[in-house]
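Remember, it's 1-based here, ligands and their atoms both numbered in the order they're listed. For clarity, every value in this text was computed on a predicted model and none was experimentally measured. No hydrogens, no waters, no symmetry mates; every other heavy atom, side chains included, goes into these values.
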Amino acid sequence: MSDGQMERIVLARHIVGAPTPDDFRLETLPIPALEEGQLLIANRFISCDPGTRSRLSPGASYAPPLKPGAMVDGFAVGEVIESRHPRFAAGELVMGTGWATHMVSNGRGYLAKVPDLGVPLSLWNGILGVPGMTAWFGLKRVANFKAGERVLVTSAAGPVGATAGQLAKLWGASNVTGIAGGAEKCRWLVEECGFDAALDYKAADFEAQFAEASADGWDVLFDNVGNASVDRALPVMRMKGRIVISGQVADYNFTPAEAPGIHNTREFIGKRLRMEGLVVFDDLPAFPAAQEELAGLIRAGQVKYREEIFVGLASLPAAFSGLFSGQSFGRRLIRV
Ligand SMILES: NC(=O)c1ccc[n+]([C@@H]2O[C@H](COP(=O)([O-])OP(=O)(O)OC[C@H]3O[C@@H](n4cnc5c(N)ncnc54)[C@H](OP(=O)(O)O)[C@@H]3O)[C@@H](O)[C@H]2O)c1
């Protein structure tokens, strides 16, 4: 979109249950004129992040809920096309936010320049962006992961899970096992990403497979799924195990009252377990060093990733809604 016009996706109504494309509306509007201290970004890639769902219903989340009519502020990468801001120049690539073809920014909030690390731009809205950093700091800081440990990762074929599992393996885990939906995702995790094993939670004998794989217990559970997933793993955690609450993709469509409970809490006492959530932006100052190291691993082929690229802003609501039915396989991005 150009000729002074831009498009954006707004929340049409607060969402009840699983999102559908009808919960969103595409709007066309004039690109605002820049004021002093502002810059104009043309977004190139916009991502679908399950965590965005937690802001699309009324009620508490770690970020305030969006009001109907507000633009959805998911993550994006783009190019500065005009600047009246002292720190940004036209032509620079940036990571920021906005389900929109264009964004006017005052330079505050989540906006960072994309360094040239010899990788495709889309990765800065994926494995080198929020999902990759969640995997990195979830393991390093929250789990305090150590070489030799046994790591269980859920929603393992997603960008956070696949990255967390591969990093744990590279950093010396004795066993990394993923849980994912379907044989194709499980095959990719073992054959391409080097997981020791992957369990298909949709298989009829999953609970038996899980029990067998868990015979030696887990030092770290990196959980992206939610309460039922944590509850299942609590009895098979090892002494002093750590549970990283990264996300709750199975629970985001529930109200807190509807979400499953966690019952096996007795395990926390006997095994001295620790469970801790993270908001990845707490680690923002440390992102550049982690991104540089991770980009090196990607260039060397030591960390794999998958992308699913949709074209045009209008495809965003359906692409986002598909995250919650297991349709996605890798980072879902919209090429603007
Ligand atoms: N804490 C933070 O700062 C932070 C930052 C970024 C992301 N996160 C969280 O990290 C998690 C992973 O994010 P991601 O971007 O990598 O997305 P993702 O894991 O690719 O999420 C989509 C996938 O979730 C799985 N899923 C959907 N419904 C499910 C259900 N009911 N039970 C089990 N699995 C289900 C599906 O895969 P299957 O086919 O395997 O079911 C689907 O393809 C999310 O929960 C996200 O909110 C946290």
In plain terms, say whether [X] and [Y] are close enough for a salt bridge, that is, a side-chain N and a carboxylate O under 4.0 Å apart.
X    : Y    : value
D200 : K185 : no
R13  : D23  : yes
R332 : E308 : yes
E149 : R238 : no
D73  : R55  : yes

For ligand 1, which atoms, with element, lie under 4.0 Å from some heavy atom of [X]?
X    : value
A250 : 30 (C), 31 (N), 32 (N)
Q248 : 45 (O)
G51  : 47 (O)
V225 : 32 (N), 33 (C), 34 (N)
V130 : 5 (C), 6 (C)

Nearest-option assignment for [atom], heavy atoms, candidates [options]:
atom                    : options                : result
atom 5 (C) of ligand 1  : V244, N253, V160, T134 : T134
atom 11 (C) of ligand 1 : N224, I245, D283       : N224
atom 21 (O) of ligand 1 : G129, G158, P50        : P50

Any heavy atom of [X] sitting closer than 4.0 Å to ligand 1?
X    : value
S246 : yes
V279 : yes
F281 : no
P159 : yes

Taking the side chain as C-beta and beyond, is there a heavy-atom pair between V160 and V153 under 4.5 Å?
no
Which residue and non-hydrogen atom of the protein lie closest to atom 37 (O) of ligand 1, and at what distance in Å?
K185 NZ, 3.3 Å
Atom 2 (C) of ligand 1: which protein heavy atom is closest, and how many Å away?
L278 O, 3.5 Å
Report the part of [X] (side chain from C-beta onward, or backbone N, CA, C, O) that has a heavy atom under 4.0 Å from ligand 1; answer both or neither where that applies.
X    : value
Y201 : side chain
S328 : both
F324 : backbone

Over-ring placement of K304 relative to W188, 6.0 Å and 45° cut-offs
no
Is a side-chain donor-acceptor pair under 3.5 Å present for S47 with D49?
yes
